[in-house]
Engineer: 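Dropping a structure here in structure tokens format, bear with me for questions.
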Amino acid sequence: EVLLVESGGGLVQAGGSLTLSCAASGLIFDDYAIGWFRQAPGKEREGVSCISSSDGSTYYADSMKGRFTISSDNVKTTVYLQMNSLNPEDTAVYYCALKRGRFPGVGAGKPAWWYDYWGQGTQVTVSS
């Protein structure tokens, strides 16, 4: 069974930074794609970024390019989302999601329905 646990959310002032972590278990020797999504109150869930463990390819939504960086640790069990230059519009619950398998070339992103496993989410609040 794959479990995902997000951490690193919190309250930050506009212009500040946070690093979110998504720790995955139950993935011994498996490749995967992990995506980050967010959902603000009253809004649809939107894709933020994703990464493929098989080739390291990444995707960023347009509004995150240049501000957010997705990466994984050397043993590929934790994926990070470094978020810089945060603004109040980034306030949301951030979720990570995973699909097991080899998925090179995720540069165009993957929709939420494509993923098989989801974490519980972590709140990010950016004050003005």
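No hydrogens, no waters, no symmetry mates; every other heavy atom, side chains included, goes into these values.
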Engineer: Which atoms form the tightest heavy-atom contact between A24 and L4, and what is the distance?
Structural biologist: CB-CD2, 3.6 Å

Engineer: Counting C-beta onward and ignoring hydrogens, is there a side-chain heavy-atom pair between N84 and F68 closer than 4.5 Å?
Structural biologist: no

Engineer: Take Q82 and L18, measure what side-chain contact (heavy atoms from CB on, under 4.5 Å) needs, and give me the verdict at the end.
Structural biologist: CA-CA 6 Å; Q82 172 71 40; L18 282 175; over 6 Å; no

Engineer: Using 0.5 Å steps for rounding, measure from the CE atom of M64 to the CD1 atom of I70.
Structural biologist: 11.5 Å

Engineer: Just by distance, do the side chain of S72 and the backbone of T78 share a donor-acceptor pair under 3.5 Å?
Structural biologist: no

Engineer: Measuring from Q120:CD to C96:SG, what's the distance to the nearest 0.5 Å?
Structural biologist: 7.5 Å

Engineer: Just verifying a value: how many Å separate L20 CG and S49 OG, rounded to the nearest 0.5 Å?
Structural biologist: 11.0 Å

Engineer: Roughly how far apart are R100 CZ and D116 CG, rounded to 0.5 Å?
Structural biologist: 9.5 Å

Engineer: Determine which pairs satisfy ring pair (Phe, Tyr, Trp, His ring centres under 6.0 Å) with at least one residue from residues 91-126, sequence neighbours left out, and list them in order.
Structural biologist: F37-Y115, F37-W118, F103-W114

Engineer: What verdict does the side-chain contact (heavy atoms from CB on, under 4.5 Å) test give for Q13 and L86, after you've listed the backbone C-alpha separation in whole Å, the side-chain angles of each residue and the deciding distance to 0.1 Å?
Structural biologist: CA-CA 8 Å; Q13 289 188 331; L86 288 164; over 6 Å; no

Engineer: Does the Y59 side chain pair with the main chain of G47, one donor and one acceptor, at a distance under 3.5 Å?
Structural biologist: no

Engineer: Which pair of non-hydrogen atoms, one from A92 and one from A40, has the smallest distance, and what is that distance?
Structural biologist: CB-N, 3.8 Å

Engineer: What do the steps show when you test R102 against D55 for salt bridge (Lys or Arg N to Asp or Glu O under 4.0 Å), and what is the final call?
Structural biologist: CA-CA 9 Å; R102 292 181 56 82; D55 68 350; over 6 Å; no

Engineer: For R38, run the salt bridge (charged side-chain N to carboxylate O under 4.0 Å, His left out) check against E46, E6, E44 and tell me which one passes.
Structural biologist: E46

Engineer: Quick check against the 3.5 Å criterion: does T19 have a side-chain atom that pairs as donor or acceptor with the backbone of L81?
Structural biologist: no

Engineer: Out of L98, I51, D73, which one pairs with V79 under the side chain to side chain contact (heavy atoms under 4.5 Å, CB included) rule?
Structural biologist: I51

Engineer: Compare every heavy atom of S57 with every heavy atom of P104, then report the nearest pair and how far apart it is.
Structural biologist: C-OG, 4.1 Å

Engineer: What is the distance from atom CD1 of I34 to atom SG of C22, rounded to the nearest 0.5 Å?
Structural biologist: 4.5 Å

Engineer: Quick check: closest heavy atoms across S85 and S17, and the distance to 0.1 Å?
Structural biologist: N-OG, 4.4 Å

Engineer: What closest approach, in Å, do P88 and S127 show between heavy atoms, and which atom pair accounts for it?
Structural biologist: CG-C, 4.4 Å

Engineer: Show the nearest heavy-atom pair for residues S128 and A14, with the distance to one decimal.
Structural biologist: CA-CB, 4.3 Å

Engineer: Keeping T122 on the side-chain end and G9 on the backbone end, is there a donor-acceptor pair under 3.5 Å?
Structural biologist: yes

Engineer: Between NZ of K65 and OG1 of T58, what distance do you get to the nearest 0.5 Å?
Structural biologist: 10.0 Å

